[in-house]
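Lettering of chains follows the sequences in order, A, B, ..., and the numbering in each one begins at 1. The basis for the numbers below is simple: all heavy atoms, side chains too, and nothing from hydrogens, waters or symmetry mates.
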Amino acid sequence: MTVKLKGSSSSDEEDLPLSSTIPRTKRKIEDSDDEDIKSGSVITAANVKREEDKSYDSDLALSKVASPKKKVVKRGKRSSSKVAGRSLSSTKQKGIKKDSRAQPPKKISKRESSVEQQDADLDSISNEASQDADDFKWWEKENDDDSVKWISLKHNGVIFPPKYEPLPSHIKLYYNGRAVDLPPQAEEVAGFFAALLESDHAKNPVFQKNFFEDFLDVLQENGGPRNDIELKTFELCDFSKMFDYFQLQKEQKKQLSPQEKKRLKQEKEEFEEPYKFCMLDDRKEQVGNFRIEPPGLFRGRGAHPKTGKLKRRVYPEDVVLNLDKEAKVPEAPDNHNWGEVRHDNTVQWLAMWRENISNSFKYVRFAANSSLKGMSDYKKFEKARQLKDYIDPVRKDYMVNLKSKVMLERQIAVACYFIDVFALRAGGEKADDEADTVGCCSLRYEHVTLKPPNTVIFDFLGKDSIRFYQEVKVEKQVFKNLTLFKKPPKQPGHQLFDRLDPALLNKHLQNYMPGLTAKVFRTYNASKTMQDQLDLITDEGTVAEKILKYNAANRTVAILCNHQRTVTKGHAAAVQKATDRIEELEWQKIRLKRAILQLDKTEAKKNPNYFAEVKDLVKEQELLIHKRVIEKEREKFTKKFARENEKRKFDNEPPLPDSQLKEWMNKVDELESEYKREVETGKVEVKTSDVDKLKAQVEKLDQRIENYAIQLKDKEDNSQVALGTSKINYIDPRLSVVFCKKYGVPLEKVFTKSLRDKFKWAIESADENWRF
DNA sequence: CTTTCGACTTAGGACTGAGGGG
DNA sequence: CCCCTCAGTCCTAAGTCGAAAG
């Protein structure tokens with residue numbers, strides 16, 4: 001376990017050796033702080049100067065020698081000359097059209113607000129709208145001030161999850177072998193756990209403990225088990241009957257006839273229709289998450305202390321609605337009342353409630369394709385583009401400040417370097433009842449390992465407890481500073497940047513550019529990287545090849561941002577299967593080559609390279625392949641037999657005779673003995689005497705092997721990388737639009753339907769010459 | 001000032017249905 | 001054609017950051 005220094009109370013801090021030496025105020029680097037003290041010299045201003053000069057020179061030497069191949073700075077970002085000429089774009093953007101805050105307030109406010117009129121308004125949500133959101137081109141309008149988000153806002157409220165349906169009386173939780181008669185409220189909670197019985201959560205002791213505590217609470221509140229069984233330990237609970245029942249239900253749902261499924265789906269659609277849309281400034285716009293989150297067990301990520309706790313049911317009384325003053329307030333279901341009705345047009349949520357796990361708010365908001373979301377997305381990317389014009393001084397400064405005499409400034413410099421070069425997040429402090437994850441400012445001693453002369457190993461859990469592991473080379477001075485920041489008495493558990501927090505860092509960044517914060521760097525560097533990668537692609541090859549290259553560029557960005565996904569359950573198996581298949585194809589190829597040699601011995605001399613691999617195949621390996629191939633064949637026929645009979649049974653036909661299966665199996669046996677002979681005699685039983693034909697077959701196999709190998713590599717490369725997050729949040733969509741336009745790639749090959757909706761503004765505004 | 005709150009973006013995993021290969 | 005895979009969508013957790021509260 002580690003000790004947290006920051007964020008803990010001051011009394012905790014007093015126990016720690018560092019507390020007295022490092023108050024969190026700005027001050028000069030003192031002797032005890034600076035690594036240079038090791039050399040025994042007292043650091044005066046002059047001394048510092050001299051020392052710095054020396055190190056500056058050596059840094060320079062280092063960069064001179066190593067810069068062409070070193071990885072000190074990834075992605076060659078210091079090449080700003082290309083960017084410089086384009087600096088007007090961000091200013092240009094501002095003056096597209098003068099049209100101050102162009103929403104139409106007059107119509108609504110003047111309007112009669114009789115009940116009938118309002119009903120008509122709401123109906124129009126699902127019928128035709130006064131204005132279709134589709135032809136509202138907000139991005140062609142000037143909009144500087146967005147503190148007011150809307151003038152009018154009408155919606156139909158939210159959908160609540162269905163009431164709990166008690167299980168059939170024969171489905172019970174068992175305790176120590178006895179059926180427990182639970183009150184429905186407690187049964188529901190037990191059911192939440194039972195549903196997860198085969199997931200990893202159910203095996204997590206923290207999850208079990210948290211669940212069990214909350215479960216017992218609910219049980220207590222509702223009078224305990226009705227048949228007086230006292231539940232004491234989790235281990236004696238048997239949820240399997242409940243689990244089985246849920247499985248059965250799932251199965252039954254699957255078994256429904258297609259028509260039945262369709263009908264149910266349509267019913268659901270019809271019921272949800274009114275909630276899917278709202279009227280925003282008289283335009284019909286989509287609502288995002290209009291369903292209130294159902295109760296369940298909290299599934300925290302990573303080692304979350306609260307994982308497994310009961311996420312309680314939300315009632316209308318917990319919900320705050322937000323609409324305009326004239327809007328008809330939708331009726332709360334079942335004679336309930338809304339917690340509150342608000343008319344706050346400075347926010348973009350339609351409803352909210354407080355959740356009970358961390359006591360924070362959940363919001364019902366507009367969908368990603370809405371104008372408001374689009375606007376903030378656009379602004380985000382414009383802000384990132386703006387950074388182009390400021391990045392040089394920012395970088396120059398942090399390089400200079402790496403040598404600042406003020407500790408805080410050095411820490412800021414290193415933090416900026418990390419954020420810029422390695423795309424770290426800001427890293428706010430976290431509470432004890434959250435998972436222990438970190439970002440830049442919250443990095444601790446143990447998260448950074450230093451390997452002289454200038455290698456840094458990052459190893460920590462970031463957002464969502466995703467591991468960040470990188471072994472990188474850094475600027476010499478960064479390395480020196482890190483050594484300094486880790487100097488005793490600092491030890492594991494202590495903050496690396498003990499003077500720093502995101503607020504401070506962001507305040508520093510605002511000095512360069514209004515609105516500049518740590519997260520802007522991620523957007524900037526992601527989009528910049530994408531631009532650079534796309535620039536490398538030429539207008540050659542097929543559309544499919546271009547898409548492959550686009551995805552490769554996308555992957556570069558995803559890796560930069562450390563966007564990972566856990567390898568799917570079947571991944572290892574899938575890779576093994578693909579590898580096996582390639583191996584089998586290789587083997588087939590070798591057999592063909594052997595056959596060629598048998599037919600014409602002179603071939604070997606004519607082209608020894610071509611036949612080299614024939615000798616490479618080891619006998620043991622070949623035997624294994626044989627075994628695998630034969631096994632697969634047997635399995636294939638067994639399955640075919642079973643499936644065929646299943647079908648016949650369904651069609652009321654007589655099953656296939658066993659003799660059929662036997663016949664198939666005999667064929668496999670034959671094949672098996674053929675292979676056996678082949679190994680014994682070393683001779684392939686050739687079916688043709690045409691050498692050219694065989695060669696053609698070899699060629700075909702080569703092609704197939706190649707294809708499979710590429711597919712496999714792609715699969716491997718992508719197995720741990722999630723491309724979606726960067727595409728959705730970090731890469732300026734206009735880059736993709738330009739790429740597609742320029743190279744004749746259909747946009748739908750890179751953007752799904754929902755992304756095309758979300759990025760409508762980009763699709764319609766970017767021309768071929770647009771650059772990030 | 002520092003801490004907490006509120007509102008927003010960013011994130012990976014679960015679920016599901018369309019389409020691609022055997 | 002059928003199965004199975006995987007892309008696309010849904011869900012909601014977990015960040016960031018400015019502003020209010022203390």
Residue set satisfying side-chain hydrogen bond (donor to acceptor under 3.5 Å, both in side chains) with Ser527(A), at least two apart, ordered chain then number -> none
Which pairs pass salt bridge (Lys or Arg N to Asp or Glu O under 4.0 Å) with one or both residues in residues 339-356 of chain A, sequence neighbours excluded?
Glu340(A)-Arg342(A)
Can you name the salt bridge (Lys or Arg N to Asp or Glu O under 4.0 Å) partners of Lys463(A), sequence neighbours left out?
none
side-chain hydrogen bond (donor to acceptor under 3.5 Å, both in side chains) filter on Lys546(A), not counting sequence neighbours, yields Asp539(A)
Parallel, tilted or perpendicular: which fits the ring planes of Phe772(A) and Tyr524(A), with parallel below 30° and perpendicular above 60°?
tilted
Would you mind reading off the distance between Lys507(A) atom NZ and dC1(B) atom P, rounded to a whole angstrom?
6 Å
Between N or O atoms, less than 3.5 Å apart, protein on one side and nucleotides 10-16 of chain C on the other: list the pairs.
unit_1  : atom_1 : unit_2    : atom_2 : d
dC11(C) : OP1    : Arg291(A) : NE     : 3.4
dC11(C) : OP1    : Arg291(A) : NH2    : 3.4
dC11(C) : OP2    : Arg291(A) : NH2    : 3.2
dA13(C) : OP1    : Lys311(A) : NZ     : 3.1
dA13(C) : OP2    : Lys362(A) : NZ     : 2.3
dA14(C) : OP1    : Arg301(A) : N      : 2.6
dG15(C) : OP1    : Thr437(A) : OG1    : 2.9
dG15(C) : OP1    : Asp464(A) : N      : 3.0
dG15(C) : OP2    : Lys430(A) : NZ     : 2.3
dT16(C) : OP1    : Ala426(A) : N      : 3.3
dT16(C) : OP1    : Gly427(A) : N      : 2.7
dT16(C) : OP2    : Gly428(A) : N      : 3.1

Below 3.5 Å is the cut-off: list the nitrogen or oxygen pairs between protein and nucleotides 19-21 of chain C, distance only.
none

Please, which pairs that meet salt bridge (Lys or Arg N to Asp or Glu O under 4.0 Å) have at least one residue in residues 362-372 of chain A, sequence neighbours excluded?
Glu293(A)-Lys362(A)
Starting from P on dC5(B), measure out to CG on Asn359(A) and report it in whole angstrom.
8 Å
Expected list for residues 344-352 of chain A near DNA chain B, using heavy atoms below 4.0 Å, is Thr346(A), Val347(A), Gln348(A), Trp349(A), Met352(A)
With sequence neighbours excluded, what pairs up with Phe298(A) under the ring-ring contact (aromatic ring centres under 6.0 Å, His included) test?
His304(A)
To the nearest 10°, give me the bend of the helix from dC1(B)-dG22(C) to dG22(B)-dC1(C), comparing the axes of its five terminal pairs at either end.
10°
Is there any protein nitrogen or oxygen under 3.5 Å from a nitrogen or oxygen in nucleotides 20-22 of chain B, and what are the pairs?
unit_1  : atom_1 : unit_2    : atom_2 : d
dG22(B) : OP1    : Tyr708(A) : OH     : 3.3

Gln720(A): side-chain contact (heavy atoms from CB on, under 4.5 Å) partners, not counting sequence neighbours:
Val567(A)
Using the six-membered ring wherever Trp is involved, compare the ring planes of Phe418(A) and Phe458(A) and label them parallel, tilted or perpendicular (cut-offs 30° and 60°).
perpendicular
